[in-house]
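Only a predicted model underlies this, so the values are computations on that prediction, with no experimental measurement involved.
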Amino acid sequence: MSEIQNSSVFALDDISDEEMNNLIDGTVTDFDEGDLVTGTVVKIERDEVLLDIGYKSEGVIPARELSIRKDVNPAEVVSLGDQIEALVLQKEDKEGRLVLSKKRAEYERAWNRVEEKFNSGETVEGEVIEVVKGGLILDIGLRGFLPASLVDLRRVKDLNAYLGTRIEARVIEMDRNRNNVVLSRRIVLEEARKAERQEILSKLKPGMRLKGTVSSIVDFGAFVDLGGIDGLVHISELSWNHVNHPSEVVKVGQEVEVQVLDVDLNRERISLGLKQTTEDPWRTLVKKYPVGAIVEGKVTKLVTFGAFVDLGEGVEGLVHISEMAKSHVDAPSQVCQVGDTVQVKVMEIDLDRRRISLSMKAAAETLGTEVEVKPLPESDKPAEKAEVAEAETEPKPKPEPESEPAAE
């Protein structure tokens, strides 16, 4: 039987090595440095990963080029059979393989995505993968630097507490030449707080009672955190009694109930009162001294318009100079002195102004007695002193000239 020859079939022995390489090269796609390629993971080793990209040899991804994270285990990043994208770093290494980078391919994609968010003002989110000098490194598809001063609203002492957590931040600076991306979490928190403040402020009305925590103490009062916004309790609104310093009444971290006194939407300020959440002890005490009652008290202070009298338990009233005696009184010292015990009648109580008007004259009339008015010393008489002064300053008339004797 005759042998049939097929012109399309040839023996490999008839082809030289050079011709064979040319045939192989003709069936394989050529790649240049910087190209993006897609391939299948065919082998995972401790320091590299092999990728089948349809080239004459597998592409190799060194371990350091797998992820933006440092010292990663290749088996934790990829699995056999994974389809991944990589960037060509070097056309051939010493073994004739393409040197690839998975992290740089991801970086290219991520840079464009992050740049879009930077231009539109959107936030990015990523895991904190490193704590470095001066801040944190976030994995946002590329390495984003979050300075320590921009991590929170207040300075953070221990940045390690953020390691492994996910953070939402705003891109505030990008520099492609330096591969530099700077983030700020504080901006995001400030915007959230501002929105929260506006929402809280819009709901607050004078008279409302709220619970909060004392956040700080200053000489003029105490700031109370109402859950996203601080209000000020002025020192005069801390207690019904006199307060020398706010620390006498409250401590930082203390939970308190406060009453809203005023809300300034434009300045975002809230005025609070602490004493208003408790009954004014003065109102309770004055119930013991109803209008018309005659009580005994001690003179505590003399002023030009009258005398203050302590009725006991911190309740003090005023005897106006016109209510000291039936007869005219020029100075309170004509009737009493500091420390004297006197009988007074309660004439009027002003609860809002915390004032009690008293009368020694009315008390004496009711008791059938009379208040003695002592004469003022000569030096204290204002009218006589004025007369003397006027007399001393009045010019004396000049003596008339003697008339000359008439001429004889």
Distance-minimising heavy-atom pair for [X] and [Y]:
X: S215; Y: D230; result: OG-OD2, 3.2 Å
X: Q259; Y: R209; result: OE1-NE, 3.3 Å
X: S333; Y: L376; result: OG-CD2, 4.4 Å
X: I235; Y: N244; result: CD1-O, 3.9 Å
X: S236; Y: K275; result: O-NZ, 3.0 Å
X: I137; Y: V132; result: CG1-CG1, 3.9 Å

**Message:** If the test is side-chain contact (heavy atoms from CB on, under 4.5 Å), which one of R69, E65, R64 qualifies with S67?
**Reply:** R69
Report yes if the side chains of [X] and [Y] come closer than 4.5 Å at any heavy-atom pair, otherwise no.
X: L51; Y: V41; result: yes
X: L358; Y: L311; result: yes
X: S327; Y: V371; result: no

**Prompt:** Between K301 and E316, is the closest basic N to carboxylate O distance under 4.0 Å?
**Reply:** no
**Asked** Hey, is K361 close enough to E365 for a salt bridge, meaning N to O under 4.0 Å?
**Response** no
**Asked** Do you know which of E191, E125, E190 makes salt bridge (charged side-chain N to carboxylate O under 4.0 Å, His left out) with R170?
**Response** E191
**Item:** Residue pair T40 / Q83, side-chain donor-acceptor N/O under 3.5 Å
**Value:** yes
